Amino acid sequence: MTETIIEIDHVRKAYKKSTAKELLVLEDINFSLKKGEIVALLGKSGSGKSTLLRILAGLVPPTSGRVTYRGKQIRGPVPGVAMVFQSFALMPWLTVLENVELGLEAQGVGRDERRKRAIEAIDIIGLDGFESAYPRELSGGMCQRVGFARALVVHPDVLLMDEPFSALDVLTAENLKSDLLELWRDKKTNTNAMLLVTHNIEEAVALADRIIILGSDPGFIRADLRLDTLPSRDLDVPECREFVDRIYKLMTTGVGGKTKHAERARQIGLGYRLPDVDPSELSGLIETMKSFESKKIDLPELADEITIHIDDLFPILETLEVLGFAQVLEGDIHLTSLGKQFSEADLQERKHIFAKQLVATIPLASHIRRVLDEKVRHRVSEERFLTKLEDFLSEKEADRVLRTMIDWGRYAELFAYDFNSGMLSLEDPGL
């Protein structure tokens with residue numbers, strides 16, 4: 001029986017808010033990390049992937065549930081668990097060698113021993129000769145290699161990675177992934193398991209032994225998939241492409257086979273987390289979809305066509321669905337009749353259609369417009385709406401949602417906004 005290294009048992013994470021109910025981020029998370037496996041965590045932005053990773057690292061406590069490392073409950077940072085972050089997080093005033101030594105110094109390792117181990121880690125990760133260089137002298141890929149060396153130098157039993165390749169260009173990322181896999185397969189490190197948070201489906205298929213897909217609002221495990229039946233990890237192999245398609249379908253289909261749109265129809269309220277999408281992105285994707293001969297477009301094919309990451313694509317798809325411009329089903333997308341009407345309209349007609357759909361489908365939009373219509377001067381401070389949103393969302397998320405709503409409302413000419421005064425108003429009260 002394969003040895004269990006980390007066990008996650010009914011983990012729940014919520015944040016208390018002073019003026020409203022708690023903000024639930026993760027709910028009833030259960031899975032184990034076994035010796036000898038690489039597990040990838042996939043999920044849309046906001047599904048709690050990074051929060052879960054920080055709970056496993058002992059950086060954030062769960063609200064309830066239990067996380068154990070080799071049978072002992074995690075109550076803080078664990079010596080056997082190391083983490084590589086998305087940002088390089090290097091100390092600019094320290095050399096490569098000194099940055100790599102930091103973790104060992106924190107553990108109280110003596111100078112000579114930590115110098116020896118740091119040099120070994122730098123050699124393993126391919127930065128021999130750059131020990132005396134400062135971060136400003138290094139490329140992004142080299143900086144991330146320093147991040148890996150800093151994690152590996154402590155001889156971690158488990159390596160946690162939070163989107164470690166997302167800040168790198170494609171070629172640099174591919175090179176670093178290959179080197180990391182080579183280190184893993186050749187057992188050049190003491191690491192026995194790896195957990196990777198990624199937004200890239202193809203990356204997860206290429207690297208992982210298992211893929212755990214998180215649903216959202218709150219985060220929950222939608223699927224736990226093994227990849228050991230694949231003949232290879234070459235994404236050009238039909239079996240791999242079929243597996244990628246399967247993941248797209250899972251991530252665009254709700255629980256029990258319902259579409260995410262059907263789920264959202266029940267969830268959308270005043271505190272709905274508007275996707276962080278620019279209206280021009282919606283128009284651009286609709287224009288791209290028009291160029292396809294088939295009415296139903298395969299999502300992986302669409303993603304390849306516009307060379308966009310999953311975290312950027314899914315919010316656009318969600319917005320198109322919510323507004324009624326497109327429908328996503330079983331990993332395919334097609335324009336609705338309204339979407340086709342939008343695609344064929346001129347700019348002013350598009351604005352009119354967009355405004356009509358905003359009021360019809362987004363409660364926050366109809367609420368703002370109703371309040372503005374009722375005011376004698378048709379002017380209201382943004383603070384009123386921000387305070388209302390904070391009944392449902394964190395302060396930071398409420399601000400983001402209102403910024404998005406203001407951008408959408410201005411594009412649709414549903415209302416005007418003065419940045420200096422923070423006032424929303426009707427350009428034409430008789431509109």
Side-chain angles (χ1 to χ4, degrees), residues 23-25 42-51 163 166 199-201 213-219 222 248 250-254 258-289 297 299 302-303 306 308-329 331 333 335-336 338-339 342 350-351 353-368 385-386 389 392-394 396-412 414:
L23 178 64
L24 186 57
V25 178
L42 273 175
K44 61 174 282 190
S45 181
S47 60
K49 303 187 298 293
S50 294
T51 299
E163 301 192 24
S166 62
H199 59 248
N200 189 315
I201 292 175
I213 300 174
L214 294 183
S216 56
D217 297 325
R222 181 180 293 276
Y248 270 96
L250 283 168
M251 295 185 72
T252 54
T253 303
K258 298 182 178 67
T259 65
K260 282 185 171 291
H261 179 63
E263 286 187 323
R264 280 192 294 269
R266 298 192 301 272
Q267 296 173 354
I268 289 180
L270 200 59
Y272 171 58
R273 300 181 186 185
L274 299 179
D276 193 5
V277 173
D278 189 281
S280 64
E281 293 178 302
L282 303 178
S283 301
L285 188 59
I286 288 175
E287 289 297 327
T288 300
M289 290 170 63
I297 304 167
L299 284 179
L302 180 62
I306 58 181
I308 192 170
H309 287 308
I310 186 173
D311 259 13
D312 297 321
L313 177 60
F314 281 173
I316 302 174
L317 300 182
E318 179 175 336
T319 306
L320 289 178
E321 276 205 288
V322 168
L323 293 176
F325 294 147
Q327 186 173 12
V328 178
L329 185 63
I333 183 171
L335 289 175
T336 62
L338 185 64
F342 182 89
R350 284 187 175 188
K351 286 175 175 282
I353 295 171
F354 193 80
K356 183 178 178 182
Q357 289 306 108
L358 271 188
V359 172
T361 62
I362 308 295
L364 178 59
S366 58
H367 174 70
I368 291 175
F385 304 114
L386 199 56
L389 284 173
F392 307 94
L393 306 169
S394 67
K396 181 179 179 181
E397 184 67 357
D399 183 72
R400 183 200 66 78
V401 167
L402 186 59
R403 295 301 118 212
T404 301
M405 185 71 261
I406 288 173
D407 287 345
W408 291 9
R410 294 175 81 179
Y411 166 79
L414 194 62

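Treat the numbers as computed from the prediction; the structure is a model and nothing was measured.
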Inter-residue atom distance Asp399.CG - Thr404.OG1, 0.5 Å rounding: 9.5 Å

Nearest heavy atoms of Leu250 and Arg222, plus distance in Å: O-CD, 3.1 Å

Side-chain heavy atoms of Pro315 within contact of Asp276, under 4.5 Å: no

From CG (Leu320) to CG (Leu335), nearest 0.5 Å: 8.0 Å

Validation row: Asp407, Asp278 side chains within 4.5 angstrom (heavy atoms): no

Nearest-0.5 Å distance, CG of residue Leu302 to OH of residue Tyr248: 8.5 Å

Test item: Leu389 and Met405 side chains (from C-beta on) under 4.5 Å apart, heavy atoms: no

Polar side-chain atom of Lys49 near backbone of Leu42 as donor-acceptor pair, under 3.5 Å: no

Side-chain donor or acceptor of Glu321 paired with backbone N/O of Val328 under 3.5 Å: yes

Rounded distance [0.5 Å steps], OH in Tyr272 versus CG in Leu364: 11.5 Å

pair Gln357-Phe342: side-chain heavy atoms closer than 4.5 Å: no

Side chain proximity check, Ile368 to Ile406, heavy atoms < 4.5 angstrom: no

Heavy-atom pair of closest approach, residues Met289 and Ile333: CE-CG1, 3.7 Å

Verdict with supporting geometry, Leu323 and Leu282, side-chain contact (heavy atoms from CB on, under 4.5 Å): CA-CA 10 Å; Leu323 293 176; Leu282 303 178; 4.1 Å; yes

Pairwise distance CG(Leu414) to CZ(Phe354) - rounded to 0.5 angstrom: 9.5 Å

Expected output: side-chain Ser283 to main-chain Ser280 donor-acceptor under 3.5 Å: no

Heavy-atom closest pair, residues Val359 and Ala365: N-CB, 4.4 Å

Side chain to side chain, Met251 and Leu299, heavy atoms closer than 4.5 Å: no

Lys356, NZ: over 12 other non-hydrogen atoms inside 6.0 angstrom: no

Side-chain donor/acceptor of Thr336 to backbone N/O of Gly324, under 3.5 Å: yes

Pairwise distance CD(Glu318) to OG(Ser216) - rounded to 0.5 angstrom: 7.5 Å

Student check: side-chain heavy atoms of Leu317 and Leu285 closer than 4.5 Å: yes

